[in-house]
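It should be emphasised that the depicted structure is a prediction, and the values quoted were computed from it without experimental measurement.
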Amino acid sequence: MDHEYLGLRQAAVICSVSEERFGKWIDKGAVPVIEGKDGKMIHSHDLVQHLVRHNIPIPDRLLQGNSKKILFVLADESIPHTVTIEVIWALHALRKETAYIFDFVRLDTNIELKIITFHPDKIVLLQENSDGKESIWQLKKLTNDATPVYTFAAERIAEFKQFLSE
């Protein structure tokens with residue numbers, strides 16, 4: 001987008017909702033607003049985060065340049081601490097190089113809804129160990145094998161930084 005901040009009417013149009021519905025999002029505190037010289041404004045990043053949180057597709061007009069949408073799927077109840085730390089540090093290191101929009105979900109019955117609405121460019125399956133072939137197959141099936149699925153486990157975390165830079 002040319003503008004980092006959007007007016008209420010402009011944001012409602014981009015999201016394909018009425019101004020009334022958009023106003024309700026603001027009244028509930030779901031989308032933070034600031035007072036600008038031309039009235040209330042919404043930061044485009046805050047709007048994207050709202051859409052991701054509520055499983056609403058992100059309009060292309062909100063995606064900046066070469067933004068990549070990455071969906072992290074947690075295959076196990078707990079992810080090893082070493083994996084979590086490496087993911088956080090890799091994302092932190094790359095935050096200025098490329099625009100990323102990401103979300104974290106569990107591998108459960110709601111995964112299909114998230115894939116349909118988020119429409120990720122890449123899916124990252126985080127798991128305890130690397131023998132998750134059934135989980136990979138399930139994710140590939142849900143995306144009609146159109147979205148690359150990568151797996152990372154504690155023993156393969158060094159490959160994660162390389163993956164993000166691709």
Side-chain angles (χ1 to χ4, degrees), residues 1-81 83-127 135 138-139 142-143 146-150 152 160 163-164:
M1 295 240 26
D2 292 338
H3 305 289
E4 204 169 337
Y5 289 92
L6 308 166
L8 300 184
R9 175 175 285 155
Q10 182 184 19
V13 167
I14 288 172
C15 293
S16 300
V17 297
S18 68
E19 288 182 54
E20 180 182 345
R21 180 171 182 164
F22 200 84
K24 288 179 182 178
W25 291 350
I26 293 169
D27 293 344
K28 290 179 183 177
V31 180
V33 296
I34 62 164
E35 282 295 329
K37 61 181 180 199
D38 298 326
K40 291 183 180 179
M41 305 290 285
I42 294 112
H43 193 279
S44 60
H45 175 64
D46 292 333
L47 184 55
V48 167
Q49 293 307 312
H50 169 76
L51 297 174
V52 169
R53 260 192 319 275
H54 296 282
N55 293 326
I56 301 170
I58 304 166
D60 289 339
R61 292 174 57 190
L62 278 178
L63 297 175
Q64 299 177 353
N66 59 355
S67 293
K68 293 181 182 177
K69 293 182 284 183
I70 301 175
L71 182 62
F72 290 90
V73 178
L74 309 175
D76 302 311
E77 283 299 311
S78 65
I79 302 299
H81 186 69
V83 173
T84 305
I85 289 194
E86 287 299 320
V87 168
I88 291 169
W89 276 112
L91 290 173
H92 179 74
L94 293 172
R95 74 188 184 285
K96 292 183 181 176
E97 294 176 25
T98 307
Y100 290 101
I101 299 169
F102 57 90
D103 200 4
F104 290 83
V105 295
R106 290 193 187 283
L107 184 60
D108 61 16
T109 57
N110 297 319
I111 189 72
E112 186 173 10
L113 173 64
K114 180 53 83 173
I115 288 172
I116 290 169
T117 57
F118 190 62
H119 193 68
D121 297 307
K122 297 178 182 183
I123 296 175
V124 178
L125 181 63
L126 298 174
Q127 54 193 7
S135 300
Q138 179 185 2
L139 293 169
L142 288 172
T143 65
T147 304
V149 177
Y150 301 88
F152 292 98
F160 185 71
F163 154 77
L164 282 176

Under the rule for side chain to side chain contact (heavy atoms under 4.5 Å, CB included), what residues qualify as partners of D27, not counting sequence neighbours?
none
Quick check: closest heavy atoms across P120 and L71, and the distance to 0.1 Å?
CB-CB, 3.8 Å
Before you tell me yes or no, could you show the steps for D121 and T147 under side chain to side chain contact (heavy atoms under 4.5 Å, CB included), namely the whole-Å CA-CA distance, both residues' side-chain angles and the distance that decides it to 0.1 Å?
CA-CA 6 Å; D121 297 307; T147 304; over 6 Å; no
Looking at CD1 of I115 and CG of L142, how far apart are the two atoms once the value is rounded to the nearest 0.5 Å?
4.5 Å
Show the nearest heavy-atom pair for residues F104 and L126, with the distance to one decimal.
CE2-CD1, 4.5 Å
Can you give the donor-acceptor pairs under 3.5 Å from side chains of residues 49-56 to other protein atoms, not counting sequence neighbours?
unit_1	atom_1	unit_2	atom_2	d
R53	NH2	A30	O	3.3
N55	OD1	K114	NZ	2.7

Would you mind reporting whether V73 and V124 have side-chain heavy atoms less than 4.5 Å apart?
no
d(L139 CG, Y150 OH) to nearest 0.5 Å is 13.5 Å
Spatial distance of atom CZ (R106) from atom CZ (F72) [nearest 0.5 Å]:
15.5 Å
How close do K40 and V33 get, heavy atom to heavy atom, and via which atoms?
CD-CG2, 4.3 Å
Check residues 12-24 and write down every donor-acceptor pair under 3.5 Å in which the side-chain atom is one partner and the other belongs to a residue at least two apart or another chain.
unit_1	atom_1	unit_2	atom_2	d
S18	OG	R21	N	3.0
E19	OE2	R9	NE	3.0

List the residues meeting side chain to side chain donor-acceptor pair (under 3.5 Å) with H43, not counting sequence neighbours, and say none if there are none.
E4
Which distance, rounded to the nearest 0.5 Å, do you find between the CG of L62 and the NE2 of H45?
12.0 Å
Assess whether side chain to side chain contact (heavy atoms under 4.5 Å, CB included) is satisfied between L47 and I58, documenting all intermediate values.
CA-CA 9 Å; L47 184 55; I58 304 166; over 6 Å; no
So, for S135 and L107, which heavy atoms are closest and what is the spacing to 0.1 Å?
OG-CD2, 3.4 Å
Would you say K69's side chain and K122's backbone share a donor-acceptor pair under 3.5 angstrom?
no
Determine the minimum heavy-atom distance between Y5 and Q10, stating which atoms define it.
O-OE1, 4.4 Å
Considering only heavy atoms from C-beta outward, does the side chain of L74 approach that of V105 to under 4.5 Å?
no
Please determine whether side chain to side chain contact (heavy atoms under 4.5 Å, CB included) holds for the pair I70 and I101, giving the CA-CA distance in whole Å, both sets of side-chain angles, and the decisive distance to 0.1 Å.
CA-CA 6 Å; I70 301 175; I101 299 169; over 6 Å; no
Please list, chain by chain and in numerical order, all residues satisfying side chain to side chain contact (heavy atoms under 4.5 Å, CB included) with N110, sequence neighbours excluded.
D108
